[in-house]
Amino acid sequence: MPEPLWRAALDWTHQQGQVELSASGAGESVQQVLPIADKAEGLEAMVKTLVDGPTQVLDSLSDIDAVGHRVVHGGREYIDSVRIDDQVKAAIQRLIPLAPAHNPANLQGIEAMEGILGDIPQVAVFDTAFHARMPEAAATYPGPYAWVEQGIRRYGFHGISHQYVAQRAADMVGRDLADLKLLTCHLGNGCSLAAVKGGLSVDTTMGFTPLEGLMMGSRSGSVDPGILIYLIRQEGYSADQLDTLLNKESGLKGLSGLSNDMRSVVEAMEQGNERARLAVDVFIHRLRREMGGMIASLGGLEAVVFTAGIGENSPLVWQRACEGFEFLGVRLKDELGRAKEDQDIAVADSRVRALVIHTQEEWAIAQACIGLL
Ligand code: AMP
């Protein structure tokens, strides 16, 4: 896979009214804090580093052939990547209630690019698409039948990443994806698992929203919905308060009281912090439990794949997650360490491979653009 010519990011979390822009290209990298609060303005400053300054890699912005976007929610309508037009934009807008934290930003990005680059082909690659063909039994919630008609169902997310690492895993083990049963573990700030059978997602842990399933950085993952009823009745919680509680104040951050970052929580645990230990224990317990569920949906297992921030970097998580599955023939090497390259961390005679793969969502989106245009 080719290295990107240029890459850039905007970090809005610093100080109000400021954005940190980092860009790399042409063997150089720059980092600067700019007095910008408007998202479109930030994107424009970012795109300019393609044609100006030390990171310049293009003569003109008109050299760009297409722009690909990761769009979080495609609902029932969009189960494949699609060229963006007014109808697609209206659908992303319509789906905002299903992904209030993500779809508005996706739409903003699309419109900002129109403003900066004019009438250029843009492609939406949906994070839900890979899971859109899940069997009905896996996609349906056991609520009233009206939910089925209303589209209250399990959509699943991180699809671009799950799909990419599944294909990469097949390449690494030298087999056809169509013949494999893979458990892909996307463990970053958001965490989800997918059961990938014959190249298709047959089950996943996230659902109607990216809140279901595993414990995450600041999201609770699945909890007894009765807790919400209790909090509403007994403590007068509003929808917004519950939203904040479950999405921003739970998970590693909520239990440890320290951080949503696994690195800080593990560090505190190693220094004897009991709440940090509990947070890590619950994270691992839930991870293993959901891994077991995915393996049952697969009905077998050729490889387990770890990816994203935690999945690519935490030998502790690999070890403790896989400990639960030694009885299935998952056996990891004794010496485990992070690597820049994708790696197989299982011993040679392990019945199941264990792979650490660096997810390349940008590359997968670029490929979708090429495929479509
Ligand atoms: P992502 O959402 O994929 O960017 O992942 C971000 C998360 O990865 C961070 O919040 C950290 O918890 C985690 N992470 C990054 N590096 C490490 C590491 N060396 N060990 C454990 N977790 C890590």
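We count ligands from 1, going down the list as the structure has it; atoms in each ligand are counted the same way. It should be emphasised that the depicted structure is a prediction, and the values quoted were computed from it without experimental measurement.
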task = Flag yes if Leu193 and Ile357 sit in one hydrophobic cluster, no otherwise; membership is Ile, Leu, Val, Met, Phe, Trp, Tyr, and two members link when side-chain heavy atoms are under 4.5 Å apart.
result = no
note = shortest atom 6 (C) of ligand 1-to-protein heavy-atom contact is with Asn189 N, 3.7 Å
query = Should you measure from each heavy atom of Ala308, which atoms of ligand 1 turn up under 4.0 Å away?
reply = 3 (O)
inquiry  = Counting C-beta onward and ignoring hydrogens, is there a side-chain heavy-atom pair between Pro4 and Glu362 closer than 4.5 Å?
reply    = no
message = Please tell me whether His162 and Ser192 have a donor and an acceptor in their side chains that are separated by less than 3.5 angstrom.
response = yes
message = Looking at Arg331 and Asp349, is there a salt bridge between them, counting it only when a charged N and a carboxylate O are closer than 4.0 Å?
response = yes
ask   = Strictly under 6.0 Å, is that where the ring centroids of Phe157 and His73 end up?
value = yes
ask   = Identify the closest protein heavy atom to atom 22 (N) of ligand 1: which residue and atom is it, and at what distance?
value = Met262 CB, 3.7 Å
query = Is there at least one pair of N or O atoms, one from Asp261 and one from ligand 1, spaced under 3.5 Å apart?
reply = yes
request  = Nearest heavy atom to atom 14 (N) of ligand 1 wins, so pick from Ser314, Ser264, Gly190, Gly309.
outcome  = Gly309
query = Got a protein heavy atom sitting under 4.0 Å from atom 4 (O) of ligand 1?
reply = no
query = Considering only protein heavy atoms, which is closest to atom 13 (C) of ligand 1, and at what distance to one decimal place?
reply = Ile310 CG1, 3.5 Å
Heavy-atom nearest neighbour in the protein, as seen from atom 19 (N) of ligand 1, with distance rounded to 0.1 Å = Asn313 CB, 3.4 Å
inquiry  = Is there a side-chain contact between Val71 and His69 in this structure, where contact means two heavy atoms from C-beta onward sitting under 4.5 Å apart?
reply    = yes
ask   = If hydrogens are left out, which of Arg263, Glu267, His186 has an atom nearest to atom 21 (C) of ligand 1, that is, the closest non-hydrogen atom?
value = Arg263
message = If the test is side-chain contact (heavy atoms from CB on, under 4.5 Å), which one of Val19, Leu21, Ile36 qualifies with Met46?
response = Leu21
key: Numbered atoms and elements of ligand 1 in range of Gly188, under 4.0 angstrom, heavy atoms   = 1 (P), 2 (O), 3 (O), 5 (O)
